[in-house]
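The block underneath contains the structure these notes are about, expressed in structure tokens.
A, B, ... follow the sequence lines: proteins, then strands. Residue 1 opens every chain. What you are looking at is a predicted structure, and each value in this text was computed from that prediction instead of being measured.
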Amino acid sequence: AALYTSLIDALCKAKLGKEGFRVFESMQQHGSTPDLYTYTTLLVGLGKSGQWDLVRTVVADVKRAGFTLNVVTYNSLIDSLGKAGQDEAARRLFAEMEQSGVSPDVVTYNSLIAGIGKVGSLEEALELLETMKTRGISPTVVTYTSLIDLHIKAGNIKVVWKLLEEMNLRGLKPNAVTYRALIDGFCKAGELELAWDFYLNMLDMDYPPHLFTYKSLITACHKEGRADKMQELFENIKQKSYGRK
RNA sequence: CGAUCAAACCC
């Protein structure tokens with residue numbers, strides 16, 4: 001079953017959810033029984049490609065096969081629903097999960113926060129952060145990056161500072177993804193100076209800047225007519241590419 | 001040992 005799971009996983013990641021489903025059907029014809037890993041992998045693929053009818057069918061199959069959904073399966077479904085903007089369905093599933101006695105973990109909350117924030121319920125997203133903390137589930141850098149990204153895009157810079165401070169207090173360091181969210185967010189908000197500070201910060205931390213990070217910065221520099229900074233950026237980029245082996 | 005979370009190109 002592990003072999004089939006890997007195959008289905010690869011197909012789904014290649015955006016071939018349909019193919020994944022076909023392999024899933026054929027594995028059963030060949031006498032191999034899917035386990036919960038197989039089902040979860042398949043559900044992720046189907047969710048990503050928006051095939052909710054099949055998702056429902058497969059979930060019913062899982063239950064019929066006598067499996068109890070575990071935390072990873074629930075997390076996967078909640079995440080897919082959130083990404084599809086189906087925040088109500090995600091909340092319902094979360095409730096169902098708790099009723100079934102499956103304890104949410106940090107990934108559950110991170111998925112919920114991202115999904116609910118996506119539809120604009122920033123307050124609720126922040127409340128979820130509080131809830132998870134009171135329940136003894138420690139937020140991670142992913143939790144904070146997700147919230148920072150949501151708030152910076154909404155123009156709530158004050159909240160962004162608060163989140164960064166809170167991260168600091170908890171001993172969590174921004175990682176490369178956090179920096180990218182900050183830089184891109186500040187660029188789009190027209191806060192070039194702030195974006196620039198974080199950019200320098202990121203270089204100090206030895207995080208390799210991404211091409212897209214440069215692109216954000218260049219666009220912002222251009223909009224604000226900061227030819228000087230653009231020049232500096234180009235120098236940086238040149239140095240980096242020469243320094244590479 | 002094989003499954004789930006945040007940013008970024010296009011949207």
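One interatomic measurement links the two molecules: CG of D35(A) to P of U4(B), which rounds to 14 Å at whole-angstrom precision. C5(B) atom C1' lies 14 Å from atom CG of L128(A), rounded to whole Å. As rounded to whole Å, 18 Å separates atom C1' of A3(B) from atom OH of Y4(A). For L81(A) and C5(B), the CG to C1' distance is 14 Å, given to the nearest whole Å. Going from atom CG of L46(A) over to atom C1' of U4(B) covers 14 Å, rounded to whole Å.
Looking only at side-chain heavy atoms (C-beta outward), R226(A) and E193(A) come within less than 4.5 Å of each other. For the pair E232(A) and D228(A), the minimum side-chain heavy-atom distance is 4.5 Å or more.
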Show your reasoning for whether side chain to side chain contact (heavy atoms under 4.5 Å, CB included) applies to V102(A) and L69(A). CA-CA 8 Å; V102(A) 179; L69(A) 303 198; 6.0 Å; no
Atom pairs and distances, donor-acceptor, side-chain atoms in residues 89-97 of chain A, under 3.5 Å, two or more places apart:
residue: R91(A); atom: NH1; partner: E124(A); partner atom: OE1; Å: 2.7
residue: R91(A); atom: NH1; partner: E124(A); partner atom: OE2; Å: 2.6
residue: R91(A); atom: NH2; partner: D87(A); partner atom: OD2; Å: 2.4
residue: R91(A); atom: NH2; partner: E88(A); partner atom: OE2; Å: 3.4
residue: E96(A); atom: OE2; partner: Y74(A); partner atom: OH; Å: 3.1

Side chains of residues 153-162 of chain A: which donor-acceptor pairs under 3.5 Å do they make with residues two or more places apart or in other chains?
residue: K153(A); atom: NZ; partner: D149(A); partner atom: OD1; Å: 3.1
residue: K153(A); atom: NZ; partner: D149(A); partner atom: OD2; Å: 3.1

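Backbone-only engagement by S111(A) is indicated by non-hydrogen atom pairs under 4.0 Å involving sugar-phosphate atoms exclusively. N70(A) comes within contact range of at least one nucleobase, with a heavy-atom separation under 4.0 Å. Using a 4.0 Å heavy-atom distance criterion, V44(A) is classed as a sugar-phosphate-only contact. Nucleic acid contact for T40(A): base, since at least one base atom lies under 4.0 Å from a heavy atom of the residue.
Counting non-hydrogen atoms of neighbouring residues, nucleotides and ligands closer than 6.0 angstrom, the CG atom of L169(A) exceeds 12 such neighbours.
Remark: the S6(A) side chain and the G2(B) base include no donor-acceptor N/O pair separated by less than 3.5 Å.
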Protein proximity profile, nucleotides 6-11 of chain B - base contact B, sugar-phosphate-only contact S, no contact -, cut-off 4.0 Å on heavy atoms: BBBSS-
